[in-house]
A.B. asks: 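Submitted below is the structure of interest, expressed as structure tokens.
Index from 1, following the sequence.
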Amino acid sequence: MIISLGWLAFWLGWLAAAMQAKPGRTFWGRFMWVRLVVIALVLVLIRVRPFHSGGVAGSPWLLGIGLVLFVAGLALAVWARVHIAENWGMPMSQKADPELVTTGPYGLIRHPIYTGMILAMIGTAIALSPYWLAPVVVLGGYFVYSATREERYLVERFPDTYPSYQRSTKMLIPFIF
């Protein structure tokens, strides 16, 4: 129940905050199939009641670890979203007059929102059911693809600063990747 309410609060806040972003060009229709697959997976998982499994092995330790990862992931995503403020956009969107944000969570990793969401989804899988790893794999792949596309755009948009920023930070996992 905590995880369900956490995701609901997260998405409601996320949608409200999206209305304050700078205008820009988005590619919402592109990769619509990924969104539909994830929505279908979530609906199937809700239907088969994985919420009642009580952790991957029914262990209170795994439930606790999953909750910690879930909260840490959402906290990272929210911190990054608040920090980037009006420069935020849907994956692979191009903002009018963008600013390169390299402080806060962006000083540690270049795509902390993606990292936070993946971490929260892994926490969900550990706490609830391994079936939740299916959306993690699909969305994780989509986030890596989106990050790669966004970085190509940012190198073109900020040719003097983005390459050095890339060299000084990792894409998704601090010190690793």
A.B. asks: Can you see which heavy atom on P98 is nearest to which on Y153, and at what distance?
C.D. replies: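 Looks like CG-OH, 4.0 Å.
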A.B. asks: Is F143 close to M117 at the side-chain level, that is, under 4.5 Å between some pair of heavy atoms?
C.D. replies: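 Yes, side chains in contact.
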A.B. asks: With a 3.5 Å distance limit and no angle check, can you tell me whether T169 reaches the backbone of I109 through a side-chain donor-acceptor pair?
C.D. replies: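 No, the answer is negative, given that no donor and acceptor are paired below the 3.5 Å cut-off.
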A.B. asks: Are E151 and H111 packed together at the side-chain level, in the sense that at least one heavy-atom pair is separated by less than 4.5 angstrom?
C.D. replies: yes
A.B. asks: Compare every heavy atom of F175 with every heavy atom of K170, then report the nearest pair and how far apart it is.
C.D. replies: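 Looking at all heavy atoms of both residues, the closest pair is CG-N, 3.5 Å.
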A.B. asks: Could you tell me which residues satisfy side-chain hydrogen bond (donor to acceptor under 3.5 Å, both in side chains) with Y165, sequence neighbours excluded, listed by chain and number?
C.D. replies: none
A.B. asks: Do you know which two heavy atoms are closest between P112 and A80, and how far apart they sit?
C.D. replies: CG-CB, 3.5 Å
A.B. asks: Of all heavy-atom pairs between A77 and F10, which one has the smallest distance, and what is that distance?
C.D. replies: CB-CE1, 4.1 Å
A.B. asks: Hey, could you give me the CG/OG1 distance between L108 and T103, rounded to the nearest 0.5 Å?
C.D. replies: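 Interatomic distance, L108 CG to T103 OG1, rounded to 0.5 Å: 10.5 Å.
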A.B. asks: Find out if a path of hydrophobic residues (ILVMFWY) with successive side-chain heavy-atom gaps under 4.5 Å connects L172 to V137.
C.D. replies: no
A.B. asks: Looking at side-chain heavy atoms only, is the closest gap between L154 and R110 below 4.5 Å?
C.D. replies: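 Side-chain contact under 4.5 Å: no.
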A.B. asks: Mind checking who shares a hydrophobic cluster with L12, ILVMFWY linked at side-chain heavy-atom distances under 4.5 Å?
C.D. replies: L8
A.B. asks: So Y162 and Q166, do their side chains get closer than 4.5 Å, heavy atoms only?
C.D. replies: yes
A.B. asks: To the nearest 0.5 Å, tell me how far I122 CD1 sits from I65 CD1.
C.D. replies: 13.0 Å
A.B. asks: Closest heavy-atom contact between S146 and Y114?
C.D. replies: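 Taking every non-hydrogen atom into account, CB-OH, 3.4 Å.
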A.B. asks: Below 4.5 Å, heavy atoms only, C-beta onward: do F177 and M171 meet side chain to side chain?
C.D. replies: yes
A.B. asks: Decide whether V155 and L100 are clustered together by the hydrophobic rule: side chain heavy atoms of Ile, Leu, Val, Met, Phe, Trp, Tyr closer than 4.5 Å, transitively.
C.D. replies: yes
A.B. asks: Test of understanding: clusters of I, L, V, M, F, W, Y form through side-chain heavy atoms closer than 4.5 Å, transitively. Do M121 and V78 belong to the same one?
C.D. replies: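 Yes; V78 is reachable from M121 via cluster members.
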A.B. asks: Are L62 and L67 connected into the same hydrophobic cluster when the rule is that any two of I, L, V, M, F, W, Y join if their side-chain heavy atoms are below 4.5 Å apart?
C.D. replies: yes
A.B. asks: Donor-acceptor pair, distance only, cut-off 3.5 Å: does the side chain of R81 make one with the backbone of I113?
C.D. replies: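 No: the side chain of R81 does not pair with the backbone of I113.
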A.B. asks: Might you confirm whether atom CD1 of I2 has over 12 heavy atoms from other residues, nucleotides or ligands at distances under 6.0 Å?
C.D. replies: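 No, the 6.0 Å shell around CD1 holds no more than 12 heavy atoms from other groups.
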A.B. asks: Looking only at heavy atoms, which two atoms of G123 and L69 are closest? And how far apart?
C.D. replies: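 Heavy atoms only, the tightest pair is CA-CB, 3.8 Å.
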A.B. asks: Would you call W7 and L74 a side-chain contact if the rule is heavy atoms closer than 4.5 Å?
C.D. replies: yes
A.B. asks: Do W79 and W11 share a hydrophobic cluster, counting only Ile, Leu, Val, Met, Phe, Trp and Tyr and linking them when any side-chain heavy atoms are less than 4.5 Å apart?
C.D. replies: no
